[in-house]
Undergrad: 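Below you will find the structure I want to go over with you.
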Number of protein chains: 2
Amino acid sequence: MGGWWEMARAQSSRPYHHGELREALVSAGRKLLEERGIRGFTLRECARRASVSHAAPAHHFASIDDLLAEIATRGYQELAAAMEAEAKRAASTPAARLVAQGVGYMAFAAANPVLFQLMFGREANRFETPALKAAAKGAYLLHVAGVEEVIPQAPAEVKQRMVDFAWASIHGFITLVLEGQIGDGDSPRALKARGLAMLGAMVEAVIRAGGDP
Amino acid sequence: MGGWWEMARAQSSRPYHHGELREALVSAGRKLLEERGIRGFTLRECARRASVSHAAPAHHFASIDDLLAEIATRGYQELAAAMEAEAKRAASTPAARLVAQGVGYMAFAAANPVLFQLMFGREANRFETPALKAAAKGAYLLHVAGVEEVIPQAPAEVKQRMVDFAWASIHGFITLVLEGQIGDGDSPRALKARGLAMLGAMVEAVIRAGGDP
DNA sequence: TGGTGTAATTTGTCATTGTCCAGATCTGCG
DNA sequence: CGCAGATCTGGACAATGACAAATTACACCA
């Protein structure tokens, strides 16, 4: 995080040009988002944290929504990476991989709750950029691939429905947990077990729906 | 909606006392929320729509978050009512009732997408009032009851897990639909069918998990 | 009935915000 | 070396949430 320019700024006077302001704003904005929530997110505070004047961000992001869109886009990329990493780690059977993908999904959401809500929230529809859409699609395709591997011989329509089903269960569960509506008093350990149980039920249902009669 | 005072205001000069300002603010706020999104929600605009000065709301809501909390609380009450109404309408079997409850849930979310996100969003954690918590619990108990009826003989732990499962599927599906991540191009009709298919798969999984071996 | 305290509302103010603008400063290229 | 364009600063503007003080309507009690 703390880049070279911070030291430069601490020793001599700060250089007029930041050098990596765009990155710094995204990074500061991400932290700010988690700290203050969506309604507490502020362009000027991002600028302040990047040690830059309040108007500087304008040269890198046309508006506050542009910055949020960029943050959300990277969120999708990280989400996809987390899913893939977890799936690769436990690559025994297709079913286990699908469960693991779900674990990666939930872990990302738990680690970045506000960002997660920004990505999937209604606000995102207001600043939908092509990059954001593409990134979101990338994550979606992982769900499709995961289900495909579990029930390769099922008809396309059943697969489609099972993708809906799998994704909805995973997404819904972690969303409700983050909001405290599920397992409010549970320990993190118990909560993870609860999540795994749900994932197990989901995968079993998928297999049953897609398997031969 | 349009109350008596509107006519009074139109004919003679507006009375100094609004009479039902609290209600008017909640109602205006709700519309505003859907129109402009959470980030576009403004106390002053609510006041404007209630034909009242910008400082008037302060006597009824301590802060903007207080107003949002009230709106969210009523949302939960309506959500529960929608679930119950739909379940009562199709009261043939427990399974059908559980599906119908899910339909009611989704219909409410589809009709009030931003409000729905406010209720279940991360922002709600910042203004958690006792009333809000109670209202949320009321809706939760409907899920519990619905699952209970379908698998009355299952052990408590299985029931608990199936409540998680059922709620997560329903909540996740409609959330993803509202965000356009599922069935973006589908017609409303096709989308509803897709939702019903998912609900069917969910209920079947619940029955199978809770039934005798 | 009439006065008075209280609740509801308004106007004014302040710090903060997003966005725009003009000017200052730097960087890279010729 | 010089200059054009990118990058950053400082100031401005309207809008916002919150607060304080003044104003108005109402309810209740003497």
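Protein chains get the first letters and strands the later ones, always in sequence-line order, with residue 1 at the start of each.
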Undergrad: To the nearest Å, how far apart are A:Leu67 CG and C:dT17 P?
TA: 15 Å
Undergrad: Measure from the side chain of A:Ala56, starting at C-beta and using heavy atoms only, and say which of C:dC20, D:dC8, C:dT11 lies closest.
TA: D:dC8
Undergrad: Nearest-Å distance, NE2 (A:His60) to C1' (D:dT9)?
TA: 13 Å
Undergrad: Which pairs with one or both residues in residues 134-148 of chain A pass salt bridge (charged side-chain N to carboxylate O under 4.0 Å, His left out), sequence neighbours excluded?
TA: A:Glu148-A:Lys159
Undergrad: What is the separation between atom CZ on B:Phe61 and atom P on D:dA18, rounded to the nearest whole Å?
TA: 13 Å
Undergrad: Quickly work out the B:Glu20 CD to D:dA25 P distance and round it to whole Å.
TA: 19 Å
Undergrad: Which residues pass the side-chain contact (heavy atoms from CB on, under 4.5 Å) test with B:Ala100, not counting sequence neighbours?
TA: B:Glu86, B:Ala90
Undergrad: Could you check how far CG of A:Leu21 sits from P of D:dT9, rounded to whole Å?
TA: 8 Å
Undergrad: With ring-ring contact (aromatic ring centres under 6.0 Å, His included) as the test, would you mind laying out the steps for A:Phe120 and A:Tyr76 before giving the verdict?
TA: CA-CA 10 Å; A:Phe120 289 97; A:Tyr76 273 112; 5.3 Å; yes
Undergrad: Checking B:Arg22 now: which residues fulfil side chain to side chain donor-acceptor pair (under 3.5 Å) with it, not counting sequence neighbours?
TA: B:Glu70
Undergrad: Of all residues at least two apart in sequence or in a different chain, which pass the side-chain contact (heavy atoms from CB on, under 4.5 Å) check with B:Ala95?
TA: B:Thr93, B:Val203, B:Ile207
Undergrad: Please list, chain by chain and in numerical order, all residues satisfying side-chain contact (heavy atoms from CB on, under 4.5 Å) with B:Thr42, sequence neighbours excluded.
TA: B:Arg44, B:Glu45
Undergrad: To the nearest Å, give me how far apart CG (B:Asp65) and P (D:dA18) are.
TA: 7 Å
Undergrad: Which is true for A:His54 with a 4.0 Å heavy-atom rule: it touches a base, it touches only sugar-phosphate, or it touches nothing?
TA: base
Undergrad: I need the CZ-P distance between A:Arg39 and C:dT17, as an integer number of Å.
TA: 14 Å
Undergrad: Report each atom pair, protein N/O against N/O of nucleotides 14-16 of chain D, whose distance is under 3.5 angstrom.
TA:
unit_1	atom_1	unit_2	atom_2	d
D:dT16	OP2	B:Arg48	NH2	2.6

